[in-house]
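In the text below, chain A, chain B and the rest are named by the order of the sequence lines, each starting its count at 1. In this text, all values refer to a predicted model and were calculated from it rather than measured experimentally.
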Protein chains: 2
Amino acid sequence: MYACTLNDEDSLEHSLFRRLWNISRKEVAKLAGVSEATVSRVLNNVGPMKEKTRERVLKAAAELGYVPSALAQQFARRRSGNVGVILPAVPKVHLFSTYYFSEILSGIGETAKRCGYDLLLIFREPEGARDYAKLFRMQKIDACIVLGSRDVPEERAALAELKAGGHPFCLVNQRYDDERYETVDADHLAGSREAVRHLLAQGKRKVAFVNGPEEYSNSADRLEGYLAALAEAGVEREDERIFAGNYSRKSGYELAGTIAERIRGGGIDAVFAANDRMAIGLLQGLRERGIEAGDHYALVGYDDSDGSRITSPRLSTVAVPFYEMGRMAAARLLEPELGDSALQDGGTMLPVSFIRRETS
Amino acid sequence: MYACTLNDEDSLEHSLFRRLWNISRKEVAKLAGVSEATVSRVLNNVGPMKEKTRERVLKAAAELGYVPSALAQQFARRRSGNVGVILPAVPKVHLFSTYYFSEILSGIGETAKRCGYDLLLIFREPEGARDYAKLFRMQKIDACIVLGSRDVPEERAALAELKAGGHPFCLVNQRYDDERYETVDADHLAGSREAVRHLLAQGKRKVAFVNGPEEYSNSADRLEGYLAALAEAGVEREDERIFAGNYSRKSGYELAGTIAERIRGGGIDAVFAANDRMAIGLLQGLRERGIEAGDHYALVGYDDSDGSRITSPRLSTVAVPFYEMGRMAAARLLEPELGDSALQDGGTMLPVSFIRRETS
DNA sequence: TCATTTAATGTACACGCGTACATTATGGCA
DNA sequence: TGCCATAATGTACGCGTGTACATTAAATGA
């Protein structure tokens, strides 16, 4: 039918080699009979162009199955198109709810995708070597979101370096009030106050508090909320009722011995734990000692994690909009114009809500 | 002391602009008094070089705070250095244990970091548009690991295209036995058989099975293991004892009505659920009907998730080495020479182990 | 019709690195 | 000393885009 001309050679090339030799702008340009620049302009929709040309180029691109090389684009644009997400070192993940991270990560992913960014996962080095700024200098990422940040010297140094370098980043669930970093947090003070108010409203007067490590601003917020609620109700602060865990279930479990005695002795009639995991550990530890949540004492956790729904009795807790927080953190970095309008400025605080279940 | 020469201008440049204008190989070369190629060779440790030169270059690089541009490197090497990790669409995540993903992800991350790769997170599109191969054609990733794969036509097509394109990928926890894809799975047949054997050994003879959707090879494996154990014990298969859930807690919960009746009627004396979430949902649903696990019936879950430890009674289950599976999947792709030696060839199956707790 | 603006396209180069190849230093050996 | 093999380094270019600038085509106005 057709003579074996150059055209046929071309189509042979297309059908056979398109998967072998990556075809580039050049081939598309040749097929469409235009210059490479025109191809580029059509695909990026920049500058004026004749509709006819546009169609020819798009057709040629489709025919060749052309896909621009992200590598070359990134290089030419000097942007990686990646948002780095910094996660706690592997073993630390288990201190937090994994639920916590998957929710936040999903939220970040949603916004990032919408803005044309990809997510680069970065596990924090266990041994203090946290050179976040290097990731920017290497141009691996254009922005980054820091999860599980703790107020320790190495972390402060790393963040200060980011700031000094002018690198866009956003903290989630951790504030450095003296630093004015971009931050998305939830109103843990209000959440804790609410939780403790609830306990007080039940007539409890000896409310213990199991907090997490003080390197997390979350912990300070919760303490503040706890104290505020007590003060409101005219209940005196009692330091013996304040305990320190590390947000792991185990740490809650291990406090059960001490707390059991106090409950038996009438020194404690309710417990507010700074997260569900510790609350659950405590619940289990106390149960082993014959002390039942919701019966011998009231218990409230924090996070509304999956776990809070599967204990029995079900755990009262405070719901935190992790997914929203992730979305917002990403939006702050990737679409700052929208971000500002969406929040009352400086209002990085998302609302939380107390959820009463069976342990209180 | 020093005259204001070009040298001083240079050091001014270093101290002030090193963070503003990204310095490149060129500046290092000039400062070290060598060619750019030599800088490159020193930094990549390629070819012979004089120790003296090496030191000069490294010193210059350090002095300038030089960091190679990952973008340019990737472009020149035509490798992104990224491993794509494909995750279920956001809403789906909740069907799986988030524990499951964070474990596997950590395992992948460990190996990837060791091999000098980064992790690019990719959420599967909800609407069937899963063009995995495009990620390779765009050169966004050099390899990919597919999590939560389901045997549906779109998925098969996407995987077939990957294979046809010669793109390295590895499935985790899902097999396509007719396709010979690179896969890392655990021995769910053995795990399920073990779990059911245990129930039978307790004298149970009417063991129900709550399975997940059949698009997951995991589900088929578990069914097979369940049936194998029954057959061994000479217990006849009874289709009315086989139920279909979707791996969510809710789906287990919703089966409670039917199963409660059967337990009361003596038609069921034990339940093996294909994952912990369904087991927990069922446990809760039955409890609401006054039927207690470990008491009125025996219950075994699957996954050894966090949740299995916090129910009461604690859930008997089957532990799966998710972290190891992640490590191995990554190793398969990134260090195939080691991977092959580590496993008996074709032996993609990792062992699982039954864990007896209080519900059985 | 021609001059002048504006639309549409082409030409040329930078981006920062890796690396093939050319070139120059070095050392061994006769 | 001269020759050769090899070590060490330099030169030059490609990788596939984006885009500034130059050029040409079309449109507008007198």
Side-chain angles (χ1 to χ4, degrees), chain A residues 17-18 20-58 60-61 64-82 116 134 136-140 142, chain B residues 17-18 20-58 60-61 64-81 116 134-140 142:
Chain A
F17 297 122
R18 66 203 290 179
L20 265 63
W21 290 28
N22 260 335
I23 52 209
S24 69
R25 202 172 62 170
K26 185 152 78 168
E27 285 78 49
V28 178
K30 200 188 342 174
L31 181 59
V34 297
S35 74
E36 291 189 46
T38 298
V39 174
S40 186
R41 279 186 291 251
V42 167
L43 295 177
N44 293 350
N45 201 29
V46 45
M49 60 192 106
K50 206 181 282 181
E51 181 56 25
K52 193 72 186 165
T53 311
R54 183 186 158 74
E55 286 166 8
R56 271 220 316 285
V57 170
L58 290 174
L64 293 172
Y66 168 69
V67 177
S69 160
L71 257 40
Q73 289 182 320
Q74 291 165 5
F75 178 54
R77 294 175 175 146
R78 280 174 287 283
R79 294 190 323 118
S80 67
N82 291 332
K134 191 172 184 182
F136 284 92
R137 286 196 303 256
M138 296 177 75
Q139 301 178 276
K140 286 217 170 191
D142 301 328
Chain B
F17 297 123
R18 66 202 290 181
L20 267 62
W21 291 27
N22 261 335
I23 52 207
S24 67
R25 202 173 62 170
K26 184 153 79 167
E27 286 77 51
V28 178
K30 203 197 324 181
L31 181 60
V34 298
S35 74
E36 291 189 47
T38 299
V39 174
S40 186
R41 279 186 292 248
V42 167
L43 295 177
N44 293 349
N45 201 29
V46 46
M49 58 193 109
K50 205 181 283 179
E51 181 56 24
K52 193 71 186 168
T53 310
R54 183 187 159 75
E55 284 167 9
R56 272 218 316 287
V57 170
L58 290 174
L64 293 173
Y66 168 69
V67 177
S69 160
L71 258 38
Q73 288 182 318
Q74 291 164 6
F75 178 53
R77 294 176 175 145
R78 281 176 288 282
R79 293 190 324 119
S80 68
K134 190 172 183 182
L135 295 164
F136 283 92
R137 285 194 304 252
M138 296 178 74
Q139 301 178 276
K140 286 217 171 193
D142 301 327

>> In this structure, how many angstroms lie between the P atom of D:dT9 and the CD atom of B:E51, rounded?
In response: 11 Å

> Of all the nucleotides listed (C:dT11, D:dG16, D:dT9), which has the minimum atom distance to the side chain of B:F75?
Replying inline: D:dG16

>> Counting only side-chain heavy atoms from C-beta out, which of D:dG18, D:dA7, C:dC17 sits nearest to B:P48?
In response: D:dA7

>> Can you tell me which nucleotide in D:dT9, D:dT17, C:dG10 comes closest to the side chain of B:T53?
In response: D:dT9

>> Please report the interatomic distance CD(A:Q73) to CZ(A:R77), rounded to the nearest 0.5 Å.
In response: 4.0 Å

>> For B:S69, run the side-chain hydrogen bond (donor to acceptor under 3.5 Å, both in side chains) check against A:R78, A:K140, A:Q139, A:R137 and tell me which one passes.
In response: A:Q139

>> Just the rounded figure in Å: distance from C1' of C:dT9 to CZ of A:R56.
In response: 11 Å

> Once you round to the nearest 0.5 Å, how far does OG of A:S80 lie from CG of A:L71?
Replying inline: 11.0 Å

>> Just to be sure I understand the rule, does B:S40 reach a base, reach only the sugar-phosphate, or reach nothing, if contact means heavy atoms closer than 4.0 Å?
In response: base

Identify each atom pair where a protein N or O and an N or O of nucleotides 12-14 of chain C are less than 3.5 Å apart, giving names and distance.
none

> Taking for each residue the nucleotide of DNA chain D with the nearest heavy atom, is it B:A72 or B:V34 whose nucleotide lies nearer the 5' end?
Replying inline: B:V34

> Which one of B:L43, B:V42, B:N44 satisfies the side-chain contact (heavy atoms from CB on, under 4.5 Å) criterion with B:S40?
Replying inline: B:N44

> Closer than 4.0 Å, any side-chain N/O of A:T38 to the OP1 or OP2 of C:dG10?
Replying inline: yes

>> So, taking the atom named CE in B:M49 and the one named CD in B:E51, what distance separates them when rounded to the nearest 0.5 Å?
In response: 8.5 Å

>> On a heavy-atom basis, which atom in A:A60 and which in A:A32 lie closest, and how many Å separate them?
In response: CB-CB, 3.9 Å

> Quick one: CZ on B:R25 to OH on B:Y66, what's the gap to the nearest 0.5 Å?
Replying inline: 7.0 Å

> Atom CD of A:E55 to atom P of C:dT9: distance rounded to whole Å?
Replying inline: 12 Å

> Stepwise, does the side-chain contact (heavy atoms from CB on, under 4.5 Å) test hold for A:V67 with A:I23?
Replying inline: CA-CA 8 Å; A:V67 177; A:I23 52 209; over 6 Å; no

> Taking OP1 and OP2 of D:dG16, is either one under 4.0 Å from a side-chain nitrogen or oxygen of A:S69?
Replying inline: no

> For C:dG18, does OP1 or OP2 lie under 4.0 Å from any side-chain N or O of B:Q73?
Replying inline: yes

> Under 4.5 Å between any side-chain heavy atoms of B:D142 and B:F136, yes or no?
Replying inline: no

Each nucleotide N or O in nucleotides 26-28 of chain D that has a protein N or O under 3.5 Å away: list the pair and distance.
none

> Does the C:dG10 base have a donor-acceptor partner in the side chain of A:R41 within less than 3.5 Å?
Replying inline: yes

> Between atom CZ in B:R137 and atom C1' in D:dT17, what is the gap in whole Å?
Replying inline: 19 Å

> Rounded to whole angstroms, how far apart are CG on B:N44 and C1' on C:dC17?
Replying inline: 9 Å

> For B:Q74 and D:dG16, what is the distance between atoms CD and C1' respectively, to the nearest whole Å?
Replying inline: 14 Å

>> If the cut-off is 4.0 Å, is A:S35 near the phosphate of C:dG10, judged by side-chain N/O to OP1 or OP2?
In response: yes

> Taking for each residue the nucleotide of DNA chain D with the nearest heavy atom, is it B:M49 or B:Q139 whose nucleotide lies nearer the 5' end?
Replying inline: B:M49

> Can you tell if the side chain of A:R56 reaches within under 4.5 Å of the side chain of A:L31, non-hydrogen atoms only?
Replying inline: no

